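Here is the structure we will look at.
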Protein chains: 2
Amino acid sequence: MGTRFPSIPIVMKVTIRDVAKAAGVSPSTVSRALNGKGRMRPETRERILRIARELGFRPNPLAKGLATKMNYCIGVGIDARHLPIKRSFYGAVLEAIEEVLDREGYHLVFSVIRNAEAPRCVIEGRVDGVILMGTDVRGELVEKLREKLPLVLVDYHLPGAAAVVTDNFGGAKAAVEHLIGHGHRKIAFVVETLSDPNFKERFEGYRAALEAHGILFDEKLVFEGGRRAESSRFAMEKFFETREMPTAIFGANDHMAIGAIRALKEAGIRVPEDVAVAGFDDGDLAPHVTPPLTSVHVPRGEMGRRAAVLLLDLLRGKLCTVKTDILSITLTIRSSCGCGST
Amino acid sequence: MGTRFPSIPIVMKVTIRDVAKAAGVSPSTVSRALNGKGRMRPETRERILRIARELGFRPNPLAKGLATKMNYCIGVGIDARHLPIKRSFYGAVLEAIEEVLDREGYHLVFSVIRNAEAPRCVIEGRVDGVILMGTDVRGELVEKLREKLPLVLVDYHLPGAAAVVTDNFGGAKAAVEHLIGHGHRKIAFVVETLSDPNFKERFEGYRAALEAHGILFDEKLVFEGGRRAESSRFAMEKFFETREMPTAIFGANDHMAIGAIRALKEAGIRVPEDVAVAGFDDGDLAPHVTPPLTSVHVPRGEMGRRAAVLLLDLLRGKLCTVKTDILSITLTIRSSCGCGST
DNA sequence: GAATGCTAGGAAAACGGGTTCCCATCCTCA
DNA sequence: TGAGGATGGGAACCCGTTTTCCTAGCATTC
């Protein structure tokens, strides 16, 4: 209804000088009182603080940043590739990061990394540190950023950079051992690609579980099918035609596992009665597919919190060494593996 | 191993004065050349621009903001309640907003609204405008922010504030009419709560569709069950016991629809053969449930883009009136409604 | 009573740009 | 050739804080 926004904020800001004038002191004294730096008579400090409060004084963050060379902003970069698939994953991490940063007085600048360039917030120097998610093969980018700013990688590991990752090996091993516990010995491994280090580790976990139970590794049971959900379908078809049909399938992520379930069901094969299935990630879909998917639970919120804390520690110089935080995982058991009622 | 991050960025920044010195002009001239303000000899401008580029000059955004009173930052606030449920929804919107802002030289400050207070980025005056998502009942907060900053609401409508919403009424009407087209006349409506304006509008769409086809509205077919997925289950049970079993169910969102499907299946009722189901949102889960859910598609990316453009228009004073952008929707037809093969 | 040691608090210089005003040019026209 | 206007460029100041140095005032001590 005709309401108009002026292009310049209307709010007449009260500056440190106003406070100084009102308190009959100099701006520097007000600054000291506010930041508790130099020593001063307690009563003076009290009075200044009170007046600042009464006047509703808010230090201008830009001026503050200009003087201190700190922005109190952290950039969080998400790789644009397969964004939709990972959306709920990074969403959960993002919220957790925001929670920590907010509590510590920092702001979160969100940016999607669409090419191999550094996010603009980094280029412009608006952020004090960066958290990167899902920038798998972008080693050069990480390298470039690393020498400019404190940096933490989430769910990805690269030598020389701080990172928060999950125990891919242990998680995969646990899941496969669970399947073995159900009596399966012919367990397939379906994966997007083994060139991804996370998937590689899960693969190692799969192999380790087999080995630990005296099951011979059979490479015909490994299917590397690319990113699309249909690849699981191809995998299944391949299994059908080569008559190498496994009795259980371990998907390197939920996506693969769910694709496998769908393909199996379409072929009239019952899950879990004929073939058991387990996945990795325990994402939003896992409880909702039929049958509900047993999956390795990745603590997404915890990853975000740790990443934020790690970065702040780096920023504040509390941490001197590059550290990799490996989160332990748990197996969320539903019915696709053969447990439970259905 | 042992790499240490100094708490102060190492990068020795090149300032406007450095450029001025290198070009043999004064800082003000460099500023003009860069911002294209005052008139000057083209060759001088060229030379200055070239030198600035060679030196890798980046204007300090803090200094710039301090001088111009602009931050080139936009706050995006997400309501903390039912965050996990809406995660993939707002995630898609967020990415679209970021895309527009980035292209226009703005930054996105992400914050979760956990109480009725304004986000800290607003309080500190770090952002030039705000986009709010999912702050349903927080009228006071919206009111408070509205008088401070340009503001756009996403997926929520409030008098006096600019907003981007979907055509809830039309979408619901289309979905219900689709069910009617399958021959259903006893169609239930399952909703979290009718006090939510979006759901209320979808309810109106449902009623309008019935009315348009001469079907008498029966309030016993409306179930208002609260936010949890189980509420759909309760709804089903209620239908069972009162023998008011519908032949089709329209869920006011996917969550409700999926809950209904699950409850039906558990009761041994086939979907869509015995009871057809349709939902609203067309979220990430919709294609993955069994049977795949027919649902009203909400163009999440488009909502984000429009919200960002709308806000920038407000900021730049291009827009003088508060405007509500109503996006039209489409129905994504899968098999839960009775269409298709299964 | 003067020299010494402290401390509270002030003045001013950054920080890195933008902007305003004013002064040199240079060109044009008389 | 001189006046007038147009235009490019420079100095100074502003934005709001922090921070470094410095001074004034007080108490202590010989």
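By convention in this document, chain letters (A, B, ...) are assigned in the order of the sequence lines, proteins followed by strands, and residues within each chain are numbered from 1. Just so it is clear, the model here is predicted, and its values are computed rather than measured.
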Are the side chain of T29(B) and the backbone N or O of V25(B) linked by a donor-acceptor pair below 3.5 Å?
no
Side-chain donor-acceptor pairs under 3.5 Å in residues 14-24 of chain A, sequence neighbours left out?
unit_1, atom_1, unit_2, atom_2, d
T15(A), OG1, R17(A), N, 3.1
T15(A), OG1, D18(A), N, 3.4
D18(A), OD2, T15(A), N, 2.9

Whether E98(B) and R103(B) form a salt bridge (side-chain N of Lys/Arg under 4.0 Å from carboxylate O of Asp/Glu) is what I want to check.
no
Can you name the side-chain contact (heavy atoms from CB on, under 4.5 Å) partners of T44(B), sequence neighbours left out?
M40(B), R41(B), R47(B), I48(B)
Within the side chain of N198(A), is there an N or O that forms a donor-acceptor pair under 3.5 Å with the backbone of D155(A)?
yes
When every nucleotide of nucleotides 7-18 of chain D is labelled 5' to 3' by its protein contacts under 4.0 Å (heavy atoms), B for base, S for sugar-phosphate only, - for none, what sequence of letters results?
SSBBB---BBBB
